[in-house]
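The analysis underlying the following values was restricted to heavy atoms, covering all of them including side chains, and did not include hydrogens, waters or symmetry mates. Chain naming here is simple, since letters A, B, ... match the order of the sequence lines and numbering starts at 1 in each.
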Amino acid sequence: MFFARQKKEFGQVVSHDIVQEKVIDALQDALQEAKRKGQLKVESIPTLTLDLPKRPEWGDLASTVAMSLAPSERRAPYDVAQIILDNIVRREALFDRVEIARPGFLNMTVKRDLWLQVLAEIESRGQAYGRMALGQGRRVLVEYVSANPTGPLHVGHGRGAAVGQAIAKLLQATGYEVVQEYYINDAGRQMKLLGASVYAKYQELLGRPVSFPAEGYRGAYIETVAAHVREQAGESVLNLSAEQAEQRCRELAYRELLENIRQDLRAFGIEFDAWFSEASLLASGGVEQVLSDLRARDLLFDQDGAWWFRSSSFGDEKDRVVRKQEGDYTYLASDIAYHRDKLQRGYDLLIDVWGADHHGYIPRMEAVVQAYGYPKERLRVVLVQMVNLLRGGRKVEMSKRAGEFITMREVMDEVGADAAKFFFLMRRSDTHLDFDLELAKQQSAENPVYYVQYAHARIASLFRVAEERGLPVPKPSAADLSLLRDPDEFGLIRKLSAYPSVVQGSAAALEPHRLTFYLQELAGLLHTFYFKHRIMPVAADQDVAEAAAFVKDASEMGKQREQVSPDLTGARLALMYAVQQVLRNGLGLLGISAPERM
RNA sequence: GCGCCCGUAGCUCAGUCGGAUAGAGCACGAGCCUUCUAAGCUCGGGGUCGCAGGUUCGAUUCCUGCCGGGCGCGCCA
């Protein structure tokens with residue numbers, strides 16, 4: 001990890017786990033009651049959160065309130081816990097057991113019925129399970145990728161795309177109104193260089209020897225574009241002045257390369273709501289307008305023939321040039337105008353997804369936001385670190401200078417969009433990522449993408465087999481869930497109940513990898529369950545003696561073949577239904593497909 | 001030098017608000033296909049949470065110092 005995780009979270013933190021909600025309510029009521037009776041002072045009711053204990057003896061859920069209240073109550077944690085415990089009303093309705101452990105943990109074992117309600121909740125909410133109205137419709141603009149249209153997207157952009165999209169989807173799921181935008185850097189020096197590079201190649205193609213621009217773009221795609229220029233314009237460009245010719249090449253190249261970017265992103269499953277052109281900002285006079293506004297407010301000044309933005313007044317370490325001595329605007333000038341435009345469009349929050357090498361730029365942009373009178377928290381920058389491509393453990397060398405880099409398209413074509421996205425989202429975005437192409441293609445448990453998708457497909461397969469065999473396939477509301485008694489079943493249910501809070505935490509921290517981890521854990525529980533337990537009875541056409549012999553063998557191995565009654569089959573299929581729904585919802589938020597068969 | 005960050009198993013990394021005996025995957029070793037998909041499962045060894053202090057009933061988590069590493073400090077994007 002090389003960069004700060006932004007810990008500032010926005011939005012109130014609440015639990016959306018139906019079991020936890022009930023438990024928290026009960027604890028809160030108990031605190032109130034104790035206060036009313038004068039047993040506890042409880043000056044302010046703390047925001048209660050529950051821990052998931054590591055050991056089964058500690059119950060399903062644990063609370064540490066008693067310990068945090070103890071100092072202000074001037075009582076031993078254990079006594080505080082005891083008072084809380086005594087004041088829980090209708091304890092039997094909610095809990096099988098509540099115990100106080102050593103310093104003052106309240107360890108609670110929730111009634112099985114309550115857990116089972118999670119399955120019904122998943123069924124009734126369906127695709128909406130894990131969605132919540134936390135954001136209350138507040139508007140968020142997520143800007144990401146925003147690569148210069150001077151060449152194809154490379155792997156790093158792919159990671160940015162996956163991260164940006166996942167963040168957008170997570171925020172949508174938590175009740176924000178989200179717009180996804182791509183900022184096109186179609187003005188300035190880089191575009192000029194693009195035009196010059198293509199023009200040089202074009203001339204070369206037509207046999208006119210020229211020297212290639214010193215810092216020009218050297219990728220093979222430049223030749224492709226140059227060839228297209230020749231197809232479209234023939235030799236006519238040769239007759240233009242150098243300046244006009246470069247401009248012509250720039251326009252054609254820009255159009256083609258931007259179109260390629262759009263297509264690559266589309267193939268990657270990413271659709272932007274808006275494409276915002278930097279050039280349009282300059283053309284409309286927006287940049288000049290903004291700068292003169294700043295000057296009027298004494299936030300812009302002249303020095304050494306350049307124009308400076310007084311960013312140091314807002315926490316930046318020094319002031320920054322917005323117009324160079326020669327009269328060109330710097331990229332900061334456009335960015336100032338662009339961010340003001342975004343702010344004025346009325347978003348409650350701006351999210352910028354940047355390459356991590358731009359992290360020094362953050363104080364500057366925060367200064368911009370504050371210069372317009374907004375709190376700097378209005379902008380949150382998500383940094384995306386480099387991707388190290390590996391092939392079978394060995395590093396794939398890339399040199400951007402020589403124009404040799406692996407494109408996002410190549411990776412997508414090789415491993416598929418789903419695998420690429422999953423890998424991009426497996427680590428916190430601001431840490432370096434090792435991406436092994438061989439591993440991403442591998443069809444085995446070592447490949448985490450397949451591991452998770454396979455869990456979904458496996459369940460789909462169960463349903464197909466059940467149908468074929470004419471077995472009823474009840475949803476949770478139609479099954480006798482009381483037959484679910486095995487700890488492995490409850491392990492799954494507990495995991496399912498935690499899904500909404502994972503989504504919420506992931507969205508609040510803008511960290512999609514948390515969801516990726518969760519899905520791997522859920523898939524792991526599913527695979528274990530599948531292996532250890534039967535869902536359906538042994539097929540009728542299977543030879544009984546053969547089956548019996550197998551049972552003997554199996555038990556010698558320590559495995560037990562269970563007897564599964566039709567009702568238990570129904571209950572387990574209903575459980576599978578819920579697991580599949582959550583897998584599908586979670587993969588959906590990551591922009592990854594949930595296949596029916598593999 | 002200044003600033004921002006990072007240091008958790010051999011490797012790559014999780015660890016939310018300070019909680020109980022610190023987790024996963026890979027790799028390594030030993031096993032499991034007559035099954036509802038083996039694209040799967042089981043078991044095992046592995047740790048001074050960089051070091052030293054501090055705050056706390058309790059620190060991987062918060063604070064300070066040190067060691068090691070990264071990045072930024074352009075009128076480049």
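The residues A:E99 and A:R97 are annotated as salt-bridged, a charged nitrogen and a carboxylate oxygen being separated by less than 4.0 angstrom. Ionic pairing of A:E467 and A:R464 is not present here: no N-O contact between side-chain nitrogen and carboxylate oxygen is shorter than 4.0 angstrom.
Across all strands, A:E326 comes closer than 4.0 Å to base atoms (heavy-atom distances). Within 4.0 Å of A:M426, counting heavy atoms only, lies no atom of the nucleic acid at all. Base engagement by A:R597 is indicated by at least one non-hydrogen atom pair under 4.0 Å involving a base atom. Residue contacts shown for A:E317 are limited to sugar-phosphate atoms, with no base heavy atom under 4.0 Å away. In this structure, A:F517 reaches the sugar-phosphate backbone alone: every heavy-atom distance under 4.0 Å involves primed, P, OP1 or OP2 atoms, never a base. Among the heavy atoms of the strands lying under 4.0 Å from A:H533 is at least one base atom, whether or not backbone atoms are also near. Note on A:D328: nothing from the nucleic acid sits closer than 4.0 angstrom, heavy atoms only. Nucleic acid contact for A:N107: base, since at least one base atom lies under 4.0 Å from a heavy atom of the residue.
Among the nucleotides B:rG19, B:rA14, B:rC17, the one closest to the side chain of A:T49 is B:rC17.
A:Q325 and A:D304 form no side-chain donor-acceptor contact under 3.5 Å, judged by distance and modelled atom types alone.
Between A:Y451 and B:rC41 there is a side-chain N or O to OP1 or OP2 distance below 4.0 Å. Here A:S68 does not reach the OP1 or OP2 of B:rG18: none of its side-chain N or O atoms lies under 4.0 Å away. For the pair A:K54 and B:rG19, the criterion of a side-chain N or O lying under 4.0 Å from OP1 or OP2 is not met. Put simply, A:R572 has no side-chain N or O that comes within less than 4.0 Å of OP1 or OP2 on B:rC36. OP1 or OP2 of B:rG15 sits under 4.0 Å from a side-chain N or O of A:H513.
With a 3.5 Å limit on both pairing distances and Watson-Crick or G-U wobble geometry required, the stems of 3 or more pairs in RNA chain B span B:1-7 with B:67-73, B:10-13 with B:23-26, B:28-32 with B:40-44, B:50-54 with B:62-66.
Base orientation of B:rC26: anti, the glycosidic angle falling outside 90° of 0. In textbook terms, a nucleotide whose glycosidic angle is within 90° of 0 is syn, while B:rC66, being further out, is anti.
Cation-pi contact between A:R295 and A:W307: present, with separation from the ring centre below 6.0 Å and deviation from the ring axis of at most 45°.
Within a 6.0 Å radius of CD in A:E215, other residues, nucleotides and ligands contribute 12 heavy atoms or fewer. Counting non-hydrogen atoms of neighbouring residues, nucleotides and ligands closer than 6.0 angstrom, the NZ atom of A:K192 reaches no more than 12 such neighbours.
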A:Y338 vs A:E278, side chain to side chain contact (heavy atoms under 4.5 Å, CB included): CA-CA, chis, key distance, verdict: CA-CA 8 Å; A:Y338 176 47; A:E278 178 188 7; over 6 Å; no
